[in-house]
Amino acid sequence: KTLGVSKEFSELIKNIVPLNGYQIETLQEAEIDWEKSRVFLEQSRALLGNSVFEELCAEVKGRVLSSIYGNSAKPIKSPIAYLITLIRSELLGELPLY
């Protein structure tokens, strides 16, 4: 079973392409250092697909901006950690911890 999962993973990430302008802008607005996490982010996008990846990034951006502009959302201490949690939950089919 592990061999099959490994093979699937390898196939999905074989043709990784760079993040697009919209994704980079969304990550920057979410206060995520996309250059530092580029490989992880590109692999995650390859596994999730563009639309799900962009939805998760937009969710983090929304939480960051609402905490900056005083809405009732609980502030996020680490936007990248929050994004990783959302990605993990999406890939594993779990509910997010946040």
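Treat the numbers as computed from the prediction; the structure is a model and nothing was measured.
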Just how far is it from atom [atom1] of [X] to atom [atom2] of [Y], taken to the nearest 0.5 Å?
| X | Y | atom1 | atom2 | value |
| --- | --- | --- | --- | --- |
| Glu59 | Leu83 | CD | CG | 9.5 Å |
| Ile84 | Ser89 | CD1 | OG | 11.5 Å |
| Leu56 | Ser44 | CG | OG | 9.5 Å |
| Ile87 | Leu92 | CD1 | CG | 11.5 Å |

Taking only distance into account, with no hydrogens and no angle test, what donor-acceptor pairs under 3.5 Å do side-chain atoms of residues 18-28 form with protein atoms, sequence neighbours excluded?
unit_1, atom_1, unit_2, atom_2, d
Asn20, OD1, Tyr22, N, 3.1
Asn20, OD1, Gln23, N, 2.8
Gln23, OE1, Asn20, N, 2.9
Gln23, OE1, Arg45, NH1, 2.8
Gln23, NE2, Asn50, OD1, 2.8
Gln23, NE2, Glu54, OE2, 3.0
Thr26, OG1, Tyr22, O, 2.8

Using every non-hydrogen atom in the two residues, find where [X] and [Y] come nearest and quote the distance to one decimal.
| X | Y | value |
| --- | --- | --- |
| Pro79 | Val60 | O-CG1, 3.8 Å |
| Ala30 | Cys57 | CB-O, 4.5 Å |
| Leu41 | Phe53 | O-CE1, 3.6 Å |

Exercise for the section: Tell me, please, which residues at least two apart from Glu55 pass side chain to side chain donor-acceptor pair (under 3.5 Å). Expected result: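 Side chain to side chain donor-acceptor pair (under 3.5 Å) check on Glu55 returns nothing, list empty.
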
Problem - Residues forming a side chain to side chain contact (heavy atoms under 4.5 Å, CB included) with Glu35, sequence neighbours excluded - result: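 Glu35 satisfies side chain to side chain contact (heavy atoms under 4.5 Å, CB included) with Asp33 once adjacent residues are dropped.
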
Problem - Donor-acceptor contact present, side-chain Ser67 to main-chain Val64, <3.5 Å - result: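 Present.
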
